[in-house]
Each structure stands twice: as C-alpha cells, then as structure tokens.
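In what follows, a structure is listed as structure tokens, so that the remarks can point back to it.
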Amino acid sequence: MSKITAAITGVQGYLPEYVLTNEELSKMVDTNDEWIVSRTGIKERRIMKDGATSDMATKAVLGLLKKTNTKAEDIDLVIVGTVTADYPFPSTANILCDKAGLTNAWGFDLNAACSGFIYSISTAAQFIETGKYKKVIVVGADMMSSIVDYQDRTTCIIFGDGAGAVMLEPNEEGLGIQDFILANDGAGRDYLVQPAGGSLNPPTIETVEKRQHYVKQEGKQVFKFAVTNMADISAEIMEKNNLSSDDVDWLVPHQANLRIIDATANRMGLSKDKVMINIQKYGNTTSGTLPLCLWDYEKQLKKGDTLILSAFGGGFTWGAVYLKWAYNS
Ligand code: UT7
C-alpha cells in the first residue's frame, strides 16, 4: 500500500466588508500612508464590525464545504489557529462546530500566534497520515481588531481581521504535506504579548486602565527575530529536502511586513513572481494570512506545484511546511 499523505483539497477565505484605509488610520493616530506603505507594505485592512472570530471562521468553513461539495456531517476534526478566540473557553472550534453544523466533528483551538496556521496544519496532517481521519478542516482566523489598541500607532497600523480554511484529505499520489519544521522560544514572550486577561494578570480595573488587554509589541526586536528565523527555517526545509530555488514554485509567507517577506524570498533565492503577497489588502491577519494567500492565489496553482509555507510570530513561534499542491482549480 502506498504511503498516505495529507493534501489540501480546497481553500476558502472570509474577509469582513469594512475597509480600514491608511488614510482613516491617519485620522486616529499620528501616522500617514507613506510611512505605513514604506515600512510595512500595507495599504488597507479589513475590520469585523459585528460578530466574533467564530463568525468569520464559520463563513470560511461553510464556503469551503460548498466549494468542495462536502457534507458538514462528514468532517471528522477541526483545528482553529487563533489568538482571538471568542472566549477564554469554550474554544472557537467548539463554537464553530455548532455554527457550521459539523455534527460529527470534534475540534480544538491552537494558539501559536502568527504561526497558528503552520502549527495547526502540521498537527492536522498527523490525523490523516495515520489513517485515523478522512476529512479534517484547518482554520486560521483572527479578529485582531478586538485586541489592538487604536491609540498605539506602532501596532494598530499592522493588523487586520480575516479567516481562511482548508480541507485536508488523504492522498496516495505522493501529493500534499511532505515535511514541516516547527520551533519556538518562550524567552521572546515579552516582545509580542497581550499582557493581561490570562492567569498571570487576570482582568482588574487597573489592567484595563493600563491598557494591558491590548497587543504590545516591541516592533524592532520582533522584526530582528522574524527576519532571521523565517528566512533560516525556510532555507532549512529546502536543504533538508534537497530543494533548489528552481524546485520551489511558490513561497507562501506570513504577511507581517513586506520587508520580512522580501528577506525570506531572497534567502531562498526566489524571484518576486514566486512569492504570494496580499499584505497590501489585508495587513497582518495573524493566523489568517497563509490560508488567505492560498485562497487569493488558488487559480494560479497547479497540481504538483511545490510550495513552502513559512511564518514567524509571538511566543516566539516559527515554522515552515513543504507541500505539493494536489489539484487544478
Ligand atoms: O506578525 C508577527 C510578528 N510581527 C512582526 O513581524 C512585526 C515586526 N516589526 C515590524 O514590522 C516593524 O518593526 C514595524 C512596522 C512595527 C515598525 O517599523 P520600524 O521600521 O521597525 O519602525 P520603528 O519602530 O523603528 O520606528 C521608526 C520611527 C520611530 O520614530 P523615531 O524614534 O525614529 O523618531 C517611531 O516612533 O517611526 C516612528 N513610528 C511611526 N511613524 C509614523 C512608529 N510607528 C509609526 C507610525 N507612523 N505608524
């Protein structure tokens, strides 16, 4: 019997309608379009005005079921990469199963900040490769507007809201996920963090007054680690699998900053036309960036294409996935 691999067989995104432009942000904080575009590559991002992370995830999943012609009750498992769960508990996956009618699935949230999708898809693949499950959905969804401080110009310009979902199914043609490398370093926890609301600093009037329930980022430090580690791990997965830059058809990078994306592509020896970029439209949607890239570029992907997915995020967490695309759309 040939080896079972876990292949993506469909992808669907959801973006809230409201567009928050650089121009509008420049009326909220002391910033301007020129600074934001030159430092990050972002022109605009989407904001969820009504609803929660599970609502974005549900829209993406319902779209995915329709597109792949799958019955909701056939889904075995759902993993939701997110740092903006609807509640501390129950999990967003739990709520998603109810809202999307996934009556035979179980699920859990996976918190790995901007590496949420990479961690989640690598985890999900194990359930397919062992033969245990036939249909697993992996979602990357974050409503960053719920934890971003719109008085902090260093963070509010970066983040946006959005969700993407992929279907994973067994493949016996050798397509799908070939390899992954995951890493973390908790010593970086203070550089990108939501300081309050957890067990260390439960909510009090003081934590609210100090604005500790918002994302805090030391941008320069995070940038330094992101540039190095995202490029290193992408090069490492290529070397480990004897891939040259000619062998790689697409880099699917986390969309945090165009300069980090460029550095990663350069390190891998890839030209710009092989790099998926949509940061200008959506900003950094945390766990949402990678599936939203796959969704935007789906029509350009061909069966057998070699993709490297790569991300870096708070924690620190980072990782890369090497996969072979499994279908023509
Ligand atoms: O997604 C997970 C991981 N996150 C990341 O990968 C993000 C990594 N970090 C970054 O992308 C960048 O550090 C930022 C985009 C957040 C900031 O860019 P930077 O080039 O590192 O800027 P900086 O923090 O060094 O600030 C440079 C200057 C400062 O002014 P002075 O001290 O030189 O006078 C800031 O006060 O730019 C100022 N500044 C701004 N000016 C206009 C900071 N934010 C803004 C702003 N508009 N929004």
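Just so you know, ligand 1 is whichever comes first in the structure, and atom 1 is the first atom listed for that ligand.
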**Request:** Please list all pairs passing the salt bridge (charged side-chain N to carboxylate O under 4.0 Å, His left out) test where one or both residues lie in residues 94-119, with sequence neighbours left out.
**Result:**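 Every salt bridge (charged side-chain N to carboxylate O under 4.0 Å, His left out) pair that includes a residue of residues 94-119, provided the two are not neighbours, is Asp55-Lys99.
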Applied to residues 149-168, the side-chain hydrogen bond (donor to acceptor under 3.5 Å, both in side chains) test, sequence neighbours excluded, yields Ser145-Asp161, Asp149-Arg211, Asp152-Thr154, Asp152-Thr155
Is the gap between the ring centers of Phe108 and Trp106 under 6.0 Å?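 Close enough - the centres of the two rings lie under 6.0 Å apart.
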*Would a line drawn from the ring center of Trp318 to the ring center of Phe316 be shorter than 6.0 Å?*
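Between Phe316 and Trp318, which both carry aromatic rings, the centre distance is not below 6.0 Å.
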Across all chains, not counting sequence neighbours, the ring pair (Phe, Tyr, Trp, His ring centres under 6.0 Å) partners of Tyr18 are none
Mind listing the N or O contacts between ligand 1 and protein, cut-off under 3.5 Å?
residue, atom, partner, partner atom, Å
ligand 1, 1 (O), His254, NE2, 3.0
ligand 1, 1 (O), Asn284, ND2, 2.7
ligand 1, 4 (N), Gln217, OE1, 3.2
ligand 1, 9 (N), Gly219, O, 3.2
ligand 1, 11 (O), Asn257, ND2, 2.7
ligand 1, 13 (O), Gly219, O, 3.1
ligand 1, 20 (O), Arg39, NE, 3.0
ligand 1, 20 (O), Arg39, NH2, 3.3
ligand 1, 20 (O), Arg259, NH2, 3.1
ligand 1, 25 (O), Lys220, NZ, 2.3
ligand 1, 36 (O), Arg153, NH2, 2.9
ligand 1, 37 (O), Trp35, NE1, 3.3
ligand 1, 41 (N), Trp35, NE1, 3.4
ligand 1, 41 (N), Arg153, NH1, 3.4
ligand 1, 47 (N), Thr31, OG1, 2.6
ligand 1, 48 (N), Thr31, OG1, 3.0
ligand 1, 48 (N), Arg153, O, 3.0

How about Lys49 and Pro16: do any of their side-chain heavy atoms sit closer than 4.5 Å?
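Of all side-chain heavy-atom pairs linking Pro16 with Lys49, none is under 4.5 Å.
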